[in-house]
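The sequence lines fix the lettering, A, B, ..., with proteins before strands; numbering per chain opens at 1. It should be emphasised that the depicted structure is a prediction, and the values quoted were computed from it without experimental measurement.
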Amino acid sequence: MLEIEIIESNIIEGGIEVFVRAWQDGKQIGFGSNGTVDIERFRLINPPVLVQDEVNGDIVIRTEENVELQLPATETRYREDPEEATLRALEETILSLKNKHDDSKIIAGKRGNTTTTVYADPSAYMFNTDASWATMRADGTSVGYDTTSTNEAVFISEKITNYNAGRNIFIFDTSGIPDSDTISSATFSIKSTTDAGSGAETTYPANGALVGVTGTPDGNTSDYGKVNETRYADTDVLRSAFANGVASYKDWVMNATGIANINKTGNTNLGIRASNQFSDSTVPTARSFAKGYFSAASGTTDDPKLVIEHEVGIISQDITATAQATTSLAKPFTKLRALTVIAQATASFIREVQRTLTATAQASTSVVREMAKTLAVTAQATPVLNKGLLYAQSLIVTAQATASLVKTQVTLVAMTVTASASATISQLYVLGVTLVATAQASTSVGKVKSLLRTLTATAQSSASVVKSGLIISRELIVTATATVSYTLGRTLFRTITATGRAVVSLLKDYGYVDKYPENDVSYEDKYPE
Amino acid sequence: MAKILTKQKIDAFDKVLRDSSIHAEIIKPEKMDRATKVELKSHAIKKALKLKKYVRN
């Protein structure tokens with residue numbers, strides 16, 4: 001069972017966008033490439049408003065009989081129902097998505113970039129016939145050209161009296177996809193008809209091959225020769241899939257060649273030809289064809305469609321901003337290995353994935369939703385990591401630098417703050433092996449669920465851990481006028497060492513301490529009922 | 001980016017939805033252009049779609 005919650009809808013250029021939450025069998029679907037998207041934006045270009053209704057439908061779309069190809073006349077009944085048509089379009093799109101995950105990583109309120117569903121307008125059916133197989137196949141023009149039928153041969157390759165072939169062109173307006181977006185998947189689909197046929201051909205049966213179109217379609221019989229032999233999908237759709245008597249969308253998952261040919265500034269033209277109509281194919285000896293729904297006059301939920309999943313994307317491995325440079329990347333999805341910002345440079349990154357972030361010499365670096373292994377900040381640099389999902393191994397803040405990490409999920413192996421540096425981490429899920437604050441450094445960690453092995457504060461440094469959830473610290477070492485404060489923590493200490501004029505304050509601590517120091521240490525509410 | 005239709009266009013589309021149908025309008029001899037056809041369909045969808053959870057089988 002699929003549940004679809006409509007959050008918002010807007011008219012856009014070429015169609016409509018709908019913001020949606022969805023549940024499958026009671027579990028919310030996490031959208032996006034990593035499953036963190038709570039609300040996905042679906043854009044329907046040339047949206048359908050008609051739904052098939054053979055009982056009460058008052059709109060009848062007919063397909064004429066094709067005597068040469070022995071295809072009978074058909075008629076299909078529709079009713080106008082924009083609400084149901086949209087829900088069906090959303091349902092079919094959601095069920096066919098490639099980027100679909102369970103609910104474990106969903107970030108509440110996070111909106112996805114886009115799934116764009118484009119309905120073909122128009123789709124053209126072309127058939128050709130000749131006594132010679134080679135002539136028929138190599139022809140530049142077809143005998144027939146039809147854009148008005150709704151129930152036609154998706155592919156046909158046969159020998160009756162003559163050799164016959166059917167080829168099709170589907171035109172999609174894909175100009176609404178932003179030029180800078182990266183397409184992660186694309187699927188072309190045609191809905192089979194319930195009377196879809198298979199033929200008698202068993203020796204050389206044809207399947208449906210998705211291919212490219214050379215040049216721009218002219219909208220006449222010359223388009224037959226433009227359906228080329230470049231495969232846009234690695235797997236053909238089998239004729240047998242069309243012959244099961246059930247009307248349902250048949251999918252061609254586009255390959256890299258096909259995706260690369262999606263036109264973000266205009267129309268994307270796709271072709272279908274029979275798999276035994278390629279240059280090296282064997283001549284058929286009997287009938288082989290399949291039927292499906294083509295574009296109708298005003299758009300139906302049966303129309304051929306192209307579902308494209310795309311994200312804002314920049315792919316870069318190293319970015320360096322130097323000498324008062326300003327670099328800003330908004331919402332890139334990259335595998336950025338190193339970001340280096342030096343000499344009063346400013347770099348702003350949102351939703352990055354990177355291994356190293358280095359800010360030096362009065363540099364200002366702002367990173368939102370990052371995954372960084374190492375964050376190094378030196379010399380009055382100010383980095384800010386906000387709402388990150390960090391997998392950081394080292395946080396190093398030195399020389400009057402200020403580092404701020406907010407709402408991060410960090411696997412932090414070592415955090416070192418030295419020389420008047422200030423580091424603030426709030427609401428972290430930290431696995432910290434070592435936290436060291438030295439030389440007038442100030443370190444504040446708030447609301448942390450942490451597994452901290454060693455906390456060391458030395459030389460007038462101040463370390464504060466507030467509202468820690470699960471801290472297992474083996475050693476707490478406070479030396480020379482350093483101050484360490486723990487509040488509301490659930491702490492399991494093995495050793496506390498305070499030397500010089502150090503002050504250790506444990507408030508409401510649910511700790512287990514093997515050894516207490518003998519100097520200035522205060523405890524309060526340490527063993528609650 | 002969301003597209004705002006003019007009041008004149010909205011009134012004309014609402015009249016189609018009230019007195020006729022999208023399909024009837026599209027197949028008239030004096031066919032509307034493709035952009036207008038899409039706007040009419042999108043307007044009809046926006047009006048029909050409710051902000052709620054739909055259960056599909």
Side-chain angles (χ1 to χ4, degrees), chain A residues 1-24 26 28 41 43-50 57-61 78-92 94-95 118-119 121-122 148 173 176 178 296-300, chain B:
Chain A
M1 182 181 68
L2 188 69
E3 296 166 273
I4 299 171
E5 183 182 11
I6 307 297
I7 306 297
E8 180 185 339
S9 67
N10 300 302
I11 296 171
I12 59 173
E13 198 63 48
I16 191 159
E17 66 178 10
V18 186
F19 290 87
V20 161
R21 277 195 188 93
W23 293 257
Q24 193 163 11
Q28 189 178 353
R41 180 173 66 155
R43 300 192 316 164
L44 305 176
I45 305 301
N46 184 28
V49 292
L50 301 182
D58 56 353
I59 299 169
V60 183
I61 298 177
Y78 296 91
R79 75 170 193 275
E80 199 164 288
D81 189 339
E83 183 184 33
E84 177 61 20
T86 305
L87 291 171
R88 285 191 193 181
L90 290 171
E91 182 177 0
E92 284 163 345
I94 290 169
L95 291 176
V118 190
Y119 291 87
D121 186 18
T148 58
D173 178 2
S298 59
T300 79
Chain B
M1 181 181 290
K3 184 176 181 180
I4 308 298
L5 301 181
T6 63
K7 185 179 183 308
Q8 186 183 16
K9 202 166 253 183
I10 290 172
D11 289 346
F13 288 168
D14 284 343
K15 187 172 188 311
V16 169
L17 298 178
R18 186 175 60 247
D19 301 338
S20 178
S21 72
I22 301 169
H23 183 72
E25 195 67 21
I26 287 172
I27 62 173
K28 278 182 178 176
E30 61 280 11
K31 284 183 180 176
M32 56 177 59
D33 61 39
R34 185 181 183 282
T36 308
K37 180 178 79 173
V38 170
E39 282 180 349
L40 171 58
K41 292 195 295 180
S42 302
H43 176 70
I45 291 169
K46 184 167 173 56
K47 283 192 73 167
L49 213 53
K50 298 170 185 65
L51 302 183
K52 68 168 195 176
K53 185 187 278 190
Y54 292 88
V55 178
R56 313 288 295 174
N57 290 316

Got B:Tyr54 and A:Glu83 here, is their nearest side-chain heavy-atom distance under 4.5 Å?
yes
Looking only at heavy atoms, the pair that brings B:His23 and A:Leu50 closest together is ND1-CD1, 4.1 Å
How far apart are the closest heavy atoms of B:Ala48 and A:Pro82, and which atoms are they?
CB-CB, 4.2 Å
Would you mind telling me which of A:Ile11, A:Ile7, A:Leu2 has the largest number of heavy-atom pairs within less than 4.5 Å of chain B?
A:Ile11
Report yes if some heavy atom in the side chain of B:Lys53 is under 4.5 Å from a heavy atom in the side chain of A:Arg21; otherwise report no.
no
Can you say whether B:Ile4 sits under 4.5 Å from chain A via the side chain, the backbone, both, or neither, judging by heavy atoms?
neither
Please tell me if the side chains of B:Lys50 and A:Ile6 come closer than 4.5 Å, counting only heavy atoms from C-beta onward.
no
Under a 3.5 Å threshold, yes or no: a donor from one side chain and an acceptor from the other, between B:Lys41 and A:Asn46?
yes
Closest approach of A:Ile16 to B:Ser42 (non-hydrogen atoms, all atoms of both residues)
CD1-O, 3.5 Å
At a heavy-atom distance under 4.5 Å, which candidate from B:Leu40, B:Val38, B:Leu5, B:Leu51 has the highest pair count against chain A?
B:Leu51
Is A:Glu80 reaching over with its side chain to a backbone N or O of B:Ile22, donor-acceptor style, under 3.5 angstrom?
yes
How many angstroms lie between atom NZ of B:Lys46 and atom CD1 of A:Ile12, to the nearest 0.5 angstrom?
11.5 Å
Tell me, for A:Arg43 versus chain B, whether the close heavy atoms (under 4.5 Å) come from the side chain, the backbone, both or neither.
neither
Scanning both residues in full, the closest heavy-atom pair of A:Ser9 with B:Leu49 reads CB-CD2, 4.4 Å
In chain order, what residues pass the side chain to side chain contact (heavy atoms under 4.5 Å, CB included) check against A:Glu13, with sequence neighbours excluded?
B:Lys3
Under 4.5 Å from a heavy atom of chain B, the part of A:Asp81 involved:
neither
Portion of B:Ala35 that has a non-hydrogen atom of chain A nearer than 4.5 angstrom
neither
Taking all heavy atoms of A:Pro48 and all of B:Ile45, pick out the closest pair and write down the distance.
O-CD1, 3.8 Å
First locate atom CG of A:Asp121, then atom CZ of B:Arg34, and finally report the distance between them rounded to the nearest 0.5 Å.
4.5 Å
Smallest heavy-atom separation, B:Val55 atom then A:Met1 atom, equals CG1-SD, 3.5 Å
Point-to-point distance, once rounded to the nearest 0.5 Å, from NZ of B:Lys52 to CD1 of A:Ile4
12.0 Å
Chain B: which of A:Asp173, A:Val18, A:Leu87 shares the most heavy-atom pairs with it under 4.5 Å?
A:Leu87
